[in-house]
Colleague: 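Right, I'll just put the structure down here and ask away after.
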Amino acid sequence: MNKLEEKAIETVKSAYRNYFLNKDTEFILEHSLTHDDIPLYGIVKPDWDGKYAIINEYEKVQNISEDTCIVSSRISLKDITKAQVNEETLVNGTFVCKLINGDIKFLNIHLSRDNGITYGGARAISNDSDYKKALKNIFDVVFEYDSLNNTFSYDPVKCREFFQIDAHFVSMDQWFWNMCTECVHAEDVELMDIFRSNDIGKRIRDDNLVVNQDIRIRNRKKGFIWVRMIVVFIPNMSCNYVEKVFVLFKSIDEEKNREMDFLVESTLDKMTGLYNKSFIKQSIREFLKTNPNDVFSLIIVDVDNYRQINDIFGRITGNNILIKLAKLIEDYTGNNDVVGRINGDEFAIFAKFINNPEELRVKVSNILDKIVFEHCEDGKSHIVKCSAGVAIFGEDVKTVEELYEKADKNLYEAKKMGRHSFKIS
């Protein structure tokens with residue numbers, strides 16, 4: 001057993017003892033990577049009667065990477081104040097653990113119980129076998145997660161045929177990490193980022209319980225194929241936590257390829273309403289054809305610490321911040337500028353008729369200063385700022401690809417110098 005596995009098991013055992021024996025959640029919170037965002041399924045403020053002792057325990061470790069692993073565990077608890085009662089509480093747990101500076105941090109925690117301690121009222125579920133049969137006939141693969149019992153079920157034969165992987169998933173965490181690292185295209189991994197507890201809380205509150213995403217997954221024969229992933233969150237009767245999650249997959253490769261054939265006709269980014277990357281590139285090419293002797297520049301604007309924004313507020317708020325930034329950037333650019341969203345949290349400004357470094361410094365500095373704002377939500381706040389990389393079309397930059405490459409490199413250099421900065425060359 002390596003250092004990561006030993007530390008992970010030791011930390012999980014300490015979490016159990018502090019929570020169940022001492023009725024204290026502080027240890028778990030202190031070892032959570034992000035206190036406000038960790039999915040603590042099954043964990044509530046300890047308020048059960050009696051005093052418990054751990055009479056049996058089991059842990060199994062599965063490594064995900066050099067510094068991350070999943071600990072699947074089971075403990076047996078007994079109320080020692082009722083010595084004459086032969087009743088045990090069996091607790092199943094899944095802990096996703098990451099080793100940071102020699103200390104274990106929890107990325108996700110799922111707990112469930114078989115009997116004994118009550119974690120909260122469960123929804124009375126009617127027999128839904130016909131419903132599940134319908135789902136399985138409509139979709140290629142159906143995954144079902146029951147948070148109360150910490151069970152993850154699916155048809156392994158259909159899963160193997162669809163994803164072309166021979167893996168046995170014992171928990172949703174294991175499945176999720178496998179999807180992100182082995183199956184989903186790198187450019188689409190961020191679309192899997194929908195299981196944050198604060199996002200789920202907003203979905204329950206707003207009755208927005210269905211997420212529909214088109215993503216690319218690896219296929220041994222075809223490379224990558226397009227699939228539609230629909231995630232359905234089902235809350236308990238009190239609507240204070242998610243009781244079940246259905247993840248549904250259906251191949252849409254042929255449909256998507258037909259759609260991609262018409263992509264040239266599409267000019268707008270769906271989320272922000274700005275132009276998309278294809279249109280920005282095409283605009284530069286057309287400008288070069290009709291104005292071969294004119295000057296221009298490309299400005300790439302990137303949100304500082306965008307991942308931290310998502311960690312604090314969730315993906316829903318992160319997307320809303322991108323929409324607000326898009327409007328601000330559009331407001332503070334000139335009539336000759338073409339503005340677009342080119343990737344994730346990156347925006348591009350095609351600045352026509354300008355290649356003077358000093359003039360560009362004034363322009364970019366003004367834009368970056370104007371688009372700073374504070375976002376406050378649920379008692380938390382974050383100052384949203386951006387950095388930029390600027391490339392001037394000239395002697396050492398002759399193509400659109402070189403222009404993008406140089407602007408991107410300058411953005412990287414600006415980030416190294418410090419946030420809320422820019423570089424021009």
Side-chain angles (χ1 to χ4, degrees), residues 187 263-306 321-373 384-425:
E187 294 180 2
L263 190 61
V264 177
E265 300 175 14
S266 176
T267 62
L268 299 180
D269 171 58
K270 292 180 181 179
M271 180 194 295
T272 63
L274 297 180
Y275 291 117
N276 59 25
K277 186 174 183 177
S278 298
F279 183 81
I280 296 288
K281 284 189 171 183
Q282 188 59 32
S283 296
I284 297 174
R285 291 190 182 98
E286 292 296 328
F287 184 81
L288 277 171
K289 288 180 183 177
T290 56
N291 305 275
N293 297 319
D294 276 324
V295 296
F296 61 90
S297 303
L298 179 69
I299 306 166
I300 295 181
V301 178
D302 179 87
V303 184
D304 291 337
N305 300 314
Y306 183 64
I321 285 175
L322 292 180
I323 293 170
K324 181 174 181 178
L325 277 170
K327 181 67 169 61
L328 288 172
I329 293 172
E330 197 171 33
D331 287 345
Y332 294 111
T333 48
N335 294 331
N336 290 323
D337 297 330
V338 182
V339 184
R341 176 173 174 249
I342 58 173
N343 183 36
D345 60 328
E346 285 189 348
F347 300 86
I349 304 168
F350 168 32
K352 301 177 183 177
F353 315 119
I354 175 172
N355 72 343
N356 181 280
E358 187 55 40
E359 191 177 348
L360 280 168
R361 278 191 193 89
V362 174
K363 180 184 185 73
V364 177
S365 179
N366 181 60
I367 292 173
L368 294 184
D369 288 342
K370 294 288 188 181
I371 63 177
V372 174
F373 62 91
V384 180
K385 298 180 180 180
C386 297
S387 296
V390 187
I392 300 171
F393 193 83
E395 292 183 2
D396 60 337
V397 178
K398 295 296 185 184
T399 67
V400 175
E401 286 69 27
E402 290 175 351
L403 190 70
Y404 265 91
E405 185 178 337
K406 189 167 187 179
D408 195 55
K409 181 180 178 181
N410 284 342
L411 173 64
Y412 176 75
E413 294 295 328
K415 294 275 189 180
K416 285 173 60 178
M417 293 188 294
R419 307 294 176 177
H420 194 53
S421 58
F422 62 91
K423 182 179 178 180
I424 300 171
S425 65

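Quick caveat, the model's predicted, so the values are computed rather than measured. Quick note: residue numbers are just sequence positions, from 1.
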Colleague: Check this for me: does any side-chain nitrogen of one of Arg361 and Glu358 sit under 4.0 Å from a carboxylate oxygen of the other?
Modeller: yes

Colleague: If you measure from CG on Asp345 to CG on Leu322, what distance do you get to the nearest 0.5 Å?
Modeller: 6.5 Å

Colleague: Quick one: which of Asp337, Ile424, Val390 gives a side-chain contact (heavy atoms from CB on, under 4.5 Å) with Lys363?
Modeller: Asp337

Colleague: Provide the closest heavy-atom pair for Glu346 versus Asp302 in the form atom of the first, atom of the second, distance.
Modeller: CG-OD1, 3.2 Å

Colleague: I'd like to know whether Lys385 forms a side-chain contact (heavy atoms from CB on, under 4.5 Å) with Asn305, so could you lay out the CA-CA distance, the side-chain angles of the two residues, the decisive distance to 0.1 Å, and finally the verdict.
Modeller: CA-CA 8 Å; Lys385 298 180 180 180; Asn305 300 314; over 6 Å; no

Colleague: Does the side chain of Phe393 reach to within under 4.5 Å of the side chain of Leu298, using non-hydrogen atoms?
Modeller: no

Colleague: According to side-chain hydrogen bond (donor to acceptor under 3.5 Å, both in side chains), who are the partners of Ser365, at least two apart in sequence or on a separate chain?
Modeller: none

Colleague: A quick test of your reading: do over 12 heavy atoms of other residues, nucleotides or ligands sit less than 6.0 Å from CD of Glu405?
Modeller: no

Colleague: State plainly whether the residues Glu330 and Lys370 are in salt-bridge range, i.e. N to O under 4.0 Å.
Modeller: no

Colleague: From Leu325 CG over to Arg341 CZ, what is the distance, rounded to the nearest 0.5 angstrom?
Modeller: 11.0 Å

Colleague: Could you go through Leu268 and Asn276, starting from their C-alpha distance and side-chain angles, then the distance that decides it, and tell me whether this counts as side-chain contact (heavy atoms from CB on, under 4.5 Å)?
Modeller: CA-CA 5 Å; Leu268 299 180; Asn276 59 25; 5.9 Å; no

Colleague: Do Ser297 side-chain atoms and Ala351 backbone N/O form a donor-acceptor pair below 3.5 Å?
Modeller: no

Colleague: What heavy-atom pair brings Ala391 and Ala407 nearest, and what distance separates the two atoms?
Modeller: CB-N, 3.5 Å

Colleague: One pair to check against side chain to side chain donor-acceptor pair (under 3.5 Å): Asn410 and Ser425. What are the steps and the verdict?
Modeller: CA-CA 8 Å; Asn410 284 342; Ser425 65; 2.8 Å; yes

Colleague: Closest approach of Ser421 and Leu368, non-hydrogen atoms and distance?
Modeller: O-CD1, 3.9 Å

Colleague: Please confirm whether the ring centroid of Phe287 lies under 6.0 Å from the ring centroid of Phe350.
Modeller: yes

Colleague: Would you list the pairs meeting ring-ring contact (aromatic ring centres under 6.0 Å, His included) in which at least one residue belongs to residues 402-425, sequence neighbours left out?
Modeller: none

Colleague: Looking at Ile371 and Leu328, what are the two nearest heavy atoms and their distance?
Modeller: CG2-CB, 3.7 Å

Colleague: Considering non-hydrogen atoms only, spot the tightest contact between Asp396 and Glu402 and give its length.
Modeller: O-OE1, 4.0 Å

Colleague: Does the side chain of Val301 come within less than 4.5 Å of Ile349's, by heavy atoms?
Modeller: yes

Colleague: To the nearest 0.5 Å, what is the distance between CD (Glu286) and CG (Leu288)?
Modeller: 9.5 Å

Colleague: Would you mind telling me which of Asp269, Leu274, Ile300 makes a side-chain contact (heavy atoms from CB on, under 4.5 Å) with Phe347?
Modeller: Leu274

Colleague: Can you confirm whether Thr399 sits close enough to Leu403 that some side-chain heavy atom of one is under 4.5 Å from a side-chain heavy atom of the other?
Modeller: no

Colleague: Once rounded to the nearest 0.5 Å, what's the spacing between atom CD1 of Ile329 and atom SG of Cys386?
Modeller: 6.0 Å

Colleague: Which value, rounded to the nearest 0.5 Å, describes the distance between Lys423 atom NZ and Lys416 atom NZ?
Modeller: 9.0 Å

Colleague: Side chain to side chain donor-acceptor pair (under 3.5 Å), that's the test. Do Ser387 and Asp304 meet it? Break it down for me.
Modeller: CA-CA 6 Å; Ser387 296; Asp304 291 337; 2.8 Å; yes

Colleague: Within a reach of under 6.0 Å around NZ of Lys409, are more than 12 heavy atoms found that belong to other residues, nucleotides or ligands?
Modeller: no

Colleague: Once you round to the nearest 0.5 Å, how far does CG of Asn356 lie from CD1 of Ile392?
Modeller: 7.5 Å

Colleague: Would you indicate whether Phe296, at its atom CZ, is surrounded by more than 12 heavy atoms from other residues, nucleotides or ligands within a distance under 6.0 Å?
Modeller: yes

